[in-house]
Number of protein chains: 2
Amino acid sequence: MESSESTKNTIKKIFADYLDKHAMRKTPERFAILDKIYSIKGHFDVETIYNMLLEDNYHVSKATIYNNIGLLLDCKLVTRHQFGGNTTQYEKSYNTGIHNHIICTKCGMVREFTDTNIKRAIQNKHLRDFTIESYTLYIYGICDKCKQQEEAIMAEKPGKEKK
Amino acid sequence: MESSESTKNTIKKIFADYLDKHAMRKTPERFAILDKIYSIKGHFDVETIYNMLLEDNYHVSKATIYNNIGLLLDCKLVTRHQFGGNTTQYEKSYNTGIHNHIICTKCGMVREFTDTNIKRAIQNKHLRDFTIESYTLYIYGICDKCKQQEEAIMAEKPGKEKK
DNA sequence: TTTACTGCAAATATTTTGCAATATC
DNA sequence: GATATTGCAAAATATTTGCAGTAAA
């Protein structure tokens with residue numbers, strides 16, 4: 001879901017406080033990037049943000065986007081994903097709840113789900129010499145659409161695979 | 001643990017069968033790469049395998065390593081990881097058991113652990129329209145070593161962080 | 001003998017870095 | 001006014017691709 005007005009105000013405040021705390025400047029680019037990220041429903045990469053801002057006739061260089069996503073990761077307003085494709089994906093993370101991802105290894109489709117049993121099992125885990133901050137669970141497999149396609153191909157060429 | 005002789009024979013057989021099935025050739029490079037991978041205890045990247053083979057005076061190009069790791073992923077003898085660093089990491093996966101990873105976000109340290117509650121919770125999960133093949137759970141946080149360093153720095157410069 | 005595979009080098013893609021110009025504080 | 005931040009271009013890094021030579025079947 002796109003973020004509500006009150007969420008957008010809260011995250012601006014969090015980012016502004018973070019910048020103050022580290023003696024960093026509150027530039028318009030920074031808030032434009034943050035705002036755009038929180039208007040995105042699912043996952044995105046740097047290229048996507050870059051283009052979305054361009055469409056608004058707002059030019060921010062990629063170097064600046066990379067730079068600022070780093071800050072947003074640091075203050076936990078964004079999380080980072082590497083699902084296995086070529087680009088690093090990101091996702092807003094304030095008030096979004098812990099969720100897991102399923103990834104189709106054929107078509108790259110990513111879907112989210114939540115599960116209290118899994119959540120509880122992970123949170124109950126005590127790790128020696130380690131302070132847990134977050135976690136990501138990726139479940140890989142094949143979505144039904146790809147599975148059906150595979151079966152259709154197999155049916156078409158029955159001799160293709162030996163044994 | 002390094003792989004036993006019987007494991008090494010089994011994986012060679014699995015790979016050979018896979019190559020037969022797909023009408024691919026059983027080149028010495030392929031088995032040298034597989035063998036080297038199964039001599040590695042933990043995670044590795046392409047560069048590492050390349051150098052390890054070189055140390056044995058066995059030259060295999062990186063293109064060939066990339067190419068063949070792809071095949072090994074396909075026949076499930078190797079799994080792929082993207083922990084958040086710059087390179088893709090790999091790991092042998094025959095007979096290694098399902099295990100999870102904890103990653104220190106400061107120093108990049110990766111450690112493994114197993115947990116039956118987590119395993120059970122994930123395996124009991126039913127996903128609509130999706131066939132599960134595997135999963136990865138990465139727990140991020142700070143290892144005690146880095147935590148102590150951070151605290152030491154904070155104690156040294158008490159005024160650095162405002163508020 | 002056929003053609004899949006390898007090695008090399010070039011191409012592609014992503015992210016990082018250096019530096020001059022600019023804008024925040 | 002001091003200097004952190006931006007944009008740009010170049011650099012660094014990782015991975016893929018094209019092609020000629022080599023070797024498995």
Side-chain angles (χ1 to χ4, degrees), chain A residues 12 15-36 43-51 53-54 56-75 78 80-90 108 160 162, chain B residues 12 15-36 43-51 53-54 56-75 78 80-90 108 160-163:
Chain A
K12 268 177 211 163
F15 195 29
D17 287 351
Y18 172 87
L19 294 172
D20 278 341
K21 192 176 160 189
H22 292 81
M24 289 170 168
R25 291 177 180 173
K26 293 185 271 301
T27 66
E29 288 84 356
R30 291 188 161 152
F31 290 96
I33 292 166
L34 177 63
D35 202 67
K36 187 51 74 184
H43 309 102
F44 59 88
D45 56 18
V46 166
E47 183 77 18
T48 304
I49 288 283
Y50 178 80
N51 287 325
L53 286 166
L54 263 193
D56 295 351
N57 291 312
Y58 197 91
H59 182 270
V60 182
S61 72
K62 283 190 188 162
T64 298
I65 296 175
Y66 276 107
N67 182 21
N68 286 305
I69 284 185
L71 301 181
L72 294 171
L73 288 171
D74 199 36
C75 58
V78 169
R80 180 185 169 144
H81 292 289
Q82 295 186 276
F83 293 123
N86 23 14
T87 63
T88 300
Q89 303 281 113
Y90 301 91
K160 175 69 191 299
K162 288 194 232 171
Chain B
K12 268 177 212 165
F15 195 27
D17 287 351
Y18 172 88
L19 294 172
D20 279 340
K21 192 176 159 190
H22 292 82
M24 290 170 167
R25 293 177 181 174
K26 293 186 271 300
T27 66
E29 287 84 357
R30 290 188 162 153
F31 290 95
I33 292 167
L34 177 63
D35 201 68
K36 187 51 73 184
H43 309 102
F44 60 87
D45 56 18
V46 166
E47 182 78 18
T48 304
I49 287 283
Y50 178 80
N51 287 325
L53 286 166
L54 263 194
D56 295 351
N57 291 313
Y58 197 93
H59 181 268
V60 182
S61 73
K62 283 192 190 162
T64 297
I65 296 175
Y66 276 108
N67 182 21
N68 285 304
I69 284 184
L71 301 181
L72 294 172
L73 288 170
D74 199 35
C75 58
V78 168
R80 179 184 169 145
H81 291 290
Q82 295 185 276
F83 294 123
N86 23 13
T87 64
T88 300
Q89 302 281 114
Y90 303 91
K160 175 70 192 298
E161 308 248 329
K162 289 197 232 172
K163 172 140 200 195

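Note that the structure is a prediction, hence the values are computed from the model and not measured. In what follows, chains are A, B, ... by sequence order, proteins preceding strands, each numbered from 1.
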(request) Using a cut-off of strictly less than 4.0 Å, decide whether Ser61(A) has a side-chain nitrogen or oxygen near OP1 or OP2 of dC8(D). (result) no
(request) Rounding to 10 degrees, work out the angle separating the end axes of the helix from dT1(C)-dA25(D) to dC25(C)-dG1(D) (five pairs an end). (result) 40°
(request) Determine the minimum heavy-atom distance between Met24(A) and Leu71(A), stating which atoms define it. (result) CE-CD2, 3.9 Å
(request) Provide the start and end nucleotides, 5' to 3', of the part of DNA chain C that has atoms under 4.0 Å from heavy atoms of chain B. (result) dT3(C) to dC8(C)
(message) Going by side chain to side chain contact (heavy atoms under 4.5 Å, CB included), name the residues that satisfy it together with Gln82(A), two or more places apart in sequence or in a different chain.
(response) Arg80(A), Thr88(A), Gln82(B)
(message) My understanding is that only residues two or more places apart in sequence, or in another chain, count here; which of them pass side chain to side chain contact (heavy atoms under 4.5 Å, CB included) with Asn67(B)?
(response) Arg30(B)
(request) Find the distance Glu47(B):CD to dA12(D):C1' and express it as a whole number of Å. (result) 13 Å
(request) Please work out if Asp45(A) contacts a base, only the sugar-phosphate, or nothing of the nucleic acid, heavy-atom cut-off 4.0 Å. (result) nothing
(message) Measuring to OP1 and OP2 of dT6(D), would you say a side-chain N or O of His59(A) lies under 4.0 angstrom away?
(response) no
(request) Measure the CG-CG distance between Asp74(B) and Asn68(B) for me, rounded to the nearest 0.5 Å. (result) 12.0 Å
(message) Does the protein touch nucleotides 16-25 of chain D at the base, only the backbone, or not at all? Give it as B, S and - per nucleotide, heavy atoms under 4.0 Å.
(response) BB-----BBS
(message) Less than 4.5 Å apart, side chain to side chain, heavy atoms only: is that true for His43(A) and Phe83(A)?
(response) yes
(request) Might you point out which heavy atoms bring Arg25(B) and Leu19(B) nearest each other, and give the distance in Å? (result) O-CD1, 3.8 Å
(message) For residues 61-72 of chain B, which residue pairs pass the salt bridge (charged side-chain N to carboxylate O under 4.0 Å, His left out) check, not counting sequence neighbours?
(response) Glu47(B)-Lys62(B)
(request) Identify the heavy atoms of Tyr18(B) and Cys75(B) that sit nearest to each other, and give their distance. (result) CD1-CB, 3.4 Å
(request) Indicate the atoms forming the closest heavy-atom contact of His59(A) with Tyr50(A), along with that distance. (result) NE2-OH, 3.6 Å
(request) For residues Tyr58(A) and Ala32(A), report the shortest heavy-atom separation together with the two atoms involved. (result) CE2-CB, 3.7 Å
(message) So Val60(A), base contact, sugar-phosphate only, or nothing? Heavy-atom distance under 4.0 Å.
(response) sugar-phosphate
(request) Let me know which of Asn51(B), Thr87(B), Ile49(B) forms a side-chain contact (heavy atoms from CB on, under 4.5 Å) with Phe44(B). (result) Ile49(B)
(request) On DNA chain D, check which nucleotide each of Thr88(B) and Leu71(A) is closest to and give me the residue with the more 5' one. (result) Leu71(A)
